[in-house]
Number of protein chains: 2
Amino acid sequence: MENDDLQPRKRRLTRAEARARTRELLLDAAARIFARKGFAGASVEEIAEDAGFTIGALYSNFSGKQQLFLELMARGAQDRITEAATVLEQQEHATPEEARKALGQLMVEVADKDLNMAPLQAEFWLYAIRNPETMETLSRQLQGPRETLERLIAGQLEREGSRYPRELAGRLARVMFVLFQGMVRERRLDPDGVPAELYADALRWLLTGVAASEALPADP
Amino acid sequence: MENDDLQPRKRRLTRAEARARTRELLLDAAARIFARKGFAGASVEEIAEDAGFTIGALYSNFSGKQQLFLELMARGAQDRITEAATVLEQQEHATPEEARKALGQLMVEVADKDLNMAPLQAEFWLYAIRNPETMETLSRQLQGPRETLERLIAGQLEREGSRYPRELAGRLARVMFVLFQGMVRERRLDPDGVPAELYADALRWLLTGVAASEALPADP
DNA sequence: GTCTATAAACAGATAGAC
DNA sequence: GTCTATCTGTTTATAGAC
């Protein structure tokens, strides 16, 4: 019995790998429980159990509840915007109307399928404003997706023909980002009041308005 | 000494009035503590102390922490939108640009001065999605401000000359409402990134876009 | 009506067995 | 590395004094 080393499929994990796997399982469970009960409402015992371990295992991998939460905050809540942005970028949608519809559909999917994302993000925000030393962690997490969105918008504006102020894409990205998060939240309270079309409408209004009110005079 | 009855300024409160006053003080304290610590993180002892009473007094006026929270949820977090809407309605601002600037200024004031509103609203939302039987309470609380905003927008659209679909004001109100809440939240994380002008910009984009893409053909 | 004292349950964290 | 057992502090809620 000396085949210790050569099982490509499911060889025994090294200690480091096993530890890393335990950490991941604990973090995943923590995300679920924090989303469901909130930071203060969640108990470490519940998290450990949900991951299939005990309190002891949790404390041998993390310093406690707070570290678990902060690692999740730094990791981010499954960045759907980046995911979607890259999809859109690759597709090169024919008409803007199609792109808006796709984004509206994405909003509905995020709100209805990924039920943990919005509550987790709300927990992060509350924790950050109550513990200002963690604000930067959260800001950094949100920066990535927003910048992706900004690039996407900048590209779209360029493709459009007219010329725009240089910082416009950044401001517009911020507005669209906030709007997206807000609509996902609002939809949880009132699904009928926030259909995919409403988000598509809002995008059409914003982009039409930008084109009408921000376009610079063409230069020779 | 029989002036028991006739002191208009500060006569002794009746038992019912004293009780009502105690309840109000406890509710105000609860709003502060819930905003600062969250529902799960707040303790009834802290709330009672902050109001200047003891746990016993709290339990003689409320069935417990949950009832306190639910009464706050029904009462709402100091409805600034209604307040602002009525102000704008009375002013009949000369130019739309002035109105947008005033709204941007209001957004900044709410975000910077009324520090408890946004966290409380976030706590309400989290509680509602975790306890669906309370969703209607929260929805009702938000319905008032949104309808006020809707009337305001409907009036503005009418004054504008062009004709619009009847349900447009409701959809636009929802978008602006979500945007307002979202920007207030975002500003707490990054004040420089969300100045008053950004909200004014967003409103200009939205309204310009609506005028450009939703106006109906004039009927004779 | 409000306060003091306390009951009963539960939390986060640690120590030592395996 | 993970589990069992436990320590310590805190919580909600109540009972009875004033």
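Labels below follow one simple rule: chain letters A, B, ... track the order of the sequence lines, proteins then strands, and each chain is numbered from 1.
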> List in numerical order all residues of residues 32-41 of chain A for which some heavy atom is under 4.0 Å away from an atom belonging to DNA chain D.
none
> Could I get the full list of salt bridge (charged side-chain N to carboxylate O under 4.0 Å, His left out) partners for A:K101, not counting sequence neighbours?
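Expected list: none.
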> Counting only side-chain nitrogens and oxygens, does B:Y59 get under 4.0 Å of the OP1 or OP2 atom of D:dA13?
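The answer is yes; a side-chain N or O of B:Y59 sits under 4.0 Å from OP1 or OP2.
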> From CZ of A:R21 over to P of D:dG1, roughly how many Å is that when rounded to an integer?
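Atom-to-atom, A:R21 to D:dG1, this comes out as 14 Å.
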> Could you tell me the separation between the CZ atom of A:F62 and the P atom of C:dG12, rounded to a whole number of Å?
15 Å
> Return the set of residues passing ring pair (Phe, Tyr, Trp, His ring centres under 6.0 Å) with B:Y127 (not counting sequence neighbours), or none when no residue passes.
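For B:Y127, the residues satisfying ring pair (Phe, Tyr, Trp, His ring centres under 6.0 Å) (neighbours in sequence not counted) are B:F39, B:F69.
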> Could you say whether A:S63 or B:A16 is positioned toward the 5' end of DNA chain C, judged by the nucleotide with the nearest heavy atom to each?
B:A16
> In whole angstrom, what separates B:E45's CD from C:dT6's C1'?
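These atoms are roughly 13 Å apart.
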> Is it true that A:Q143 and A:E136 share a donor-acceptor pair across their side chains at a distance under 3.5 Å?
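There is no such pair (donor and acceptor under 3.5 Å, judged by atom type) between the side chains of A:E136 and A:Q143.
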> A:V178: which residues meet the side-chain contact (heavy atoms from CB on, under 4.5 Å) condition with it, sequence neighbours left out?
B:L179, B:M183, B:E186
> Assign a letter to each nucleotide of nucleotides 2-9 of chain D from its 5' end: B, base within under 4.0 Å of a protein heavy atom; S, sugar-phosphate only; -, no contact.
BBB-----
> Can you give each donor-acceptor pair under 3.5 Å made by side-chain atoms of residues 148-155 of chain B, sequence neighbours left out, with the distance rounded to 0.1 Å?
| from | atom 1 | to | atom 2 | distance (Å) |
| --- | --- | --- | --- | --- |
| B:T148 | OG1 | B:G144 | O | 3.1 |

> How long is the line joining NZ of B:K65 and P of D:dT10, in whole Å?
15 Å
> Using whole Å, what does the distance between atom C1' of nucleotide D:dA13 and atom CD of B:Q67 come to?
14 Å
> Considering residues at least two apart in sequence or located in another chain, which fulfil the salt bridge (charged side-chain N to carboxylate O under 4.0 Å, His left out) criterion with A:R130?
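Once residues adjacent in sequence are excluded, the partners of A:R130 under the salt bridge (charged side-chain N to carboxylate O under 4.0 Å, His left out) criterion are B:E123.
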> side-chain contact (heavy atoms from CB on, under 4.5 Å) with A:A111: which residues, sequence neighbours excluded?
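By the side-chain contact (heavy atoms from CB on, under 4.5 Å) rule, A:A111 matches A:V184, A:R187.
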> Who are the salt bridge (charged side-chain N to carboxylate O under 4.0 Å, His left out) partners of B:E109, not counting sequence neighbours?
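Result, salt bridge (charged side-chain N to carboxylate O under 4.0 Å, His left out) vs B:E109: none returned.
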> Please report the shortest heavy-atom distance between B:R174 and B:R146, naming the atom on each side.
NH2-NH2, 3.3 Å
> Given atom CG of A:L13 and atom P of D:dG1, what is their separation to the nearest angstrom?
12 Å
> Just call it for A:A48: base, sugar-phosphate, or nothing, with non-hydrogen atoms closer than 4.0 Å on any strand.
nothing
